[in-house]
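Side-chain atoms are counted along with the backbone in the values below, which use heavy atoms only and exclude waters and symmetry mates. Numbered from 1 within each chain, the chains take letters A, B, ... in sequence-line order.
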2 protein chains.
Amino acid sequence: MNELQINIATDSKLYFKDPESSDLGKRIVEHGIEMIHELGYESFTFKKLGDRIHSNESSIYRYFESKHAFLIYLLNWYWSWIEYKLVFATTNMESAEDKLETAIQLLTEEVKEDTSFTFINEFILNKIIIIESSKAYHTKGVDKENEKGFYKTYKRVVQRVCDFVLEVNPTFDYPHMLVSTIIEGAHHQKYFSDHLPALTDCEDGKNNIVKFYKQLVKDVLRK
Amino acid sequence: MNELQINIATDSKLYFKDPESSDLGKRIVEHGIEMIHELGYESFTFKKLGDRIHSNESSIYRYFESKHAFLIYLLNWYWSWIEYKLVFATTNMESAEDKLETAIQLLTEEVKEDTSFTFINEFILNKIIIIESSKAYHTKGVDKENEKGFYKTYKRVVQRVCDFVLEVNPTFDYPHMLVSTIIEGAHHQKYFSDHLPALTDCEDGKNNIVKFYKQLVKDVLRK
DNA sequence: CAAATATGATAGTAATACTATTATATTTGC
DNA sequence: GCAAATATAATAGTATTACTATCATATTTG
């Protein structure tokens, strides 16, 4: 049987022309992800990307307003994908505890490639999210962009997990804080383990990040 | 009686010429902080700073290698200052629980101005740390810079708080994870409450960030 | 097959993040 | 008090960035 092929819904506010609608668009996204990973966000340019895909800087600008807009697009794609995995993994689960644990697992574990989306390498995209995503919203333009809905997929994921939290403990006062602390925290811990190990307690192959946050949730929500 | 006047020790690797050693150096730091806060890190330039302080771009480059190096300098100053406050606040405290609670308070509360350091506005510097500090280490150069000790003051603060954690619960496996999760988390929550409130549960004047992380520590370390 | 649309090539712009050089203050050591 | 040393300022220059604008050439579609 064939694997399920799904499209992640993206918001048309995030681009001039939908990159999924053409071969060039897909190449922009596919190799854009590669290049941000290789060069880092700062050194990545549309000019370099144009060269890599044997296309032209000006053509890329017809899809995305700016490098920043491209990053926002990737972010939204990522969180929509996570949302899809979250919903898929928790539907038909009865126990709120199980749903929450599944969610925490998904948000803190290392990402593997998902063959359902041919032109996006989720494994690399996850690395980009860990390293670069804070640059997307730590800008002077956040408030306006937030109004335009640029961060809504991330907020939606947080809200879904919040709902699980409140199912487990309806009197807990800080569900959003807890969930965003875990998501951002897990990303930081992964980054620290690779680059600033004195700030974490990770050991190879031990999944300490997942363990730590799972235990944390249990401890915090214990009534 | 006069207030205590202290100098925060800074590492000479962080600059070409110590900015505290001259009037110009102090103006660079003082107004540099102001301008990063006003313009954001991306739009801040040494040229604009030169204009503001009626000095010259080239003169600023004689103090700091680059804008990035300037940010790293500010980060280190900030964490040295926090370390000083941490040590000052916890000396002579007997109970490990009290020391840890004091530390969490210090790391999660809103910063007020500290008149002990005339040319640095800690209130604004704290805002810069919250918004810009992740840009300092999320770069391709982290590993080399880490080797040179560019992040050691931050690591030292984390280690000090870790020591309190282990005093409270010597068998706890993830003290560094816990402490860095709290520090980064508190910064994120503050930023979210100002710009992406759907990701947090802050209400004006309620100190929810402090409460949340204090309770979290208690829950997590409960034996 | 013409018209519409997508892509490519080229050029241009203001700004950035510097480096290099030279000139002018200011400090210091004798 | 003055020369030498040092700090600062002024100016110019460079490669690159993050775009915009224009025009030419493919490709698709009705």
Side-chain angles (χ1 to χ4, degrees), chain A residues 12 14-32 35-36 38-74 119 132 135-136 138-141 144-145 150, chain B residues 12 14-32 35-36 38-74 119 132 135-136 138-141 144-145 150:
Chain A
S12 63
L14 298 171
Y15 42 73
F16 290 139
K17 184 180 170 174
D18 185 356
E20 294 198 49
S21 72
S22 74
D23 178 63
L24 177 63
K26 286 177 197 156
R27 271 156 55 220
I28 290 171
V29 174
E30 181 180 354
H31 293 91
M35 290 189 86
I36 291 180
E38 287 168 28
L39 306 173
Y41 179 71
E42 284 74 22
S43 299
F44 167 74
T45 71
F46 281 179
K47 186 153 199 305
K48 290 173 187 169
L49 176 56
D51 290 348
R52 166 86 61 111
I53 61 177
H54 305 292
S55 175
N56 198 278
E57 201 185 3
S58 60
S59 301
I60 300 169
Y61 274 104
R62 258 183 232 106
Y63 284 82
F64 295 102
E65 196 184 354
S66 63
K67 177 165 117 168
H68 175 70
F70 183 57
L71 183 61
I72 300 273
Y73 172 85
L74 295 182
F119 71 105
E132 319 290 0
K135 296 170 193 169
H138 282 129
T139 59
K140 283 282 164 184
K144 275 190 187 168
E145 293 183 352
F150 281 23
Chain B
S12 64
L14 299 171
Y15 42 73
F16 289 138
K17 185 181 168 172
D18 185 356
E20 295 198 47
S21 73
S22 74
D23 178 63
L24 177 62
K26 286 177 197 156
R27 271 157 54 222
I28 290 171
V29 174
E30 181 180 354
H31 293 91
M35 289 189 88
I36 292 180
E38 287 168 27
L39 305 173
Y41 179 71
E42 283 74 23
S43 299
F44 167 74
T45 71
F46 281 179
K47 186 153 200 302
K48 290 173 187 169
L49 176 56
D51 290 348
R52 166 87 59 111
I53 61 177
H54 304 292
S55 175
N56 198 278
E57 199 185 4
S58 60
S59 301
I60 300 169
Y61 275 103
R62 252 182 243 101
Y63 284 82
F64 295 101
E65 196 184 354
S66 63
K67 177 165 117 168
H68 175 70
F70 183 56
L71 182 62
I72 301 272
Y73 172 84
L74 294 181
F119 71 106
E132 318 291 1
K135 296 169 193 169
H138 282 130
T139 59
K140 283 282 163 183
K144 276 190 186 166
E145 293 183 352
F150 282 24

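With salt bridges taken as basic N to acidic carboxylate O contacts below 4.0 Å, none links B:Lys48 and B:Glu38.
For A:Glu57, the salt bridge (charged side-chain N to carboxylate O under 4.0 Å, His left out) criterion is met by no residue, not counting sequence neighbours. The salt bridge (charged side-chain N to carboxylate O under 4.0 Å, His left out) search around B:Glu42 returns B:Lys135, not counting sequence neighbours. Under the rule for a salt bridge (charged side-chain N to carboxylate O under 4.0 Å, His left out), A:Arg62 has no partner lying at least two apart in sequence or in another chain. Residues passing the ring-ring contact (aromatic ring centres under 6.0 Å, His included) test with B:Tyr61, sequence neighbours excluded: B:Phe46.
Residue B:Lys47 qualifies as open at atom NZ: its count of foreign heavy atoms under 6.0 Å is 12 or below.
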- request: Scan nucleotides 7-24 of chain D nucleotide by nucleotide, 5' to 3', and note B when protein non-hydrogen atoms come under 4.0 Å of the base, S if they reach only the sugar-phosphate, - if neither.
  value: SBBBB-----SSBBB---
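Figure legend. D:dG30 is base-paired to C:dC1; pairs are counted as Watson-Crick or G-U wobble with both atom distances under 3.5 Å.
With B:Phe70 as reference, B:Phe44 is the one residue of B:Tyr41, B:Tyr15, B:Phe44 to meet the side-chain contact (heavy atoms from CB on, under 4.5 Å) rule.
Note that the first and last nucleotides of DNA chain C, 5' to 3', having any atom under 4.0 angstrom from a heavy atom of chain B are C:dT16 to C:dA20.
Counting heavy atoms from C-beta on, the side chains of B:Tyr63 and B:Leu24 come closer than 4.5 Å.
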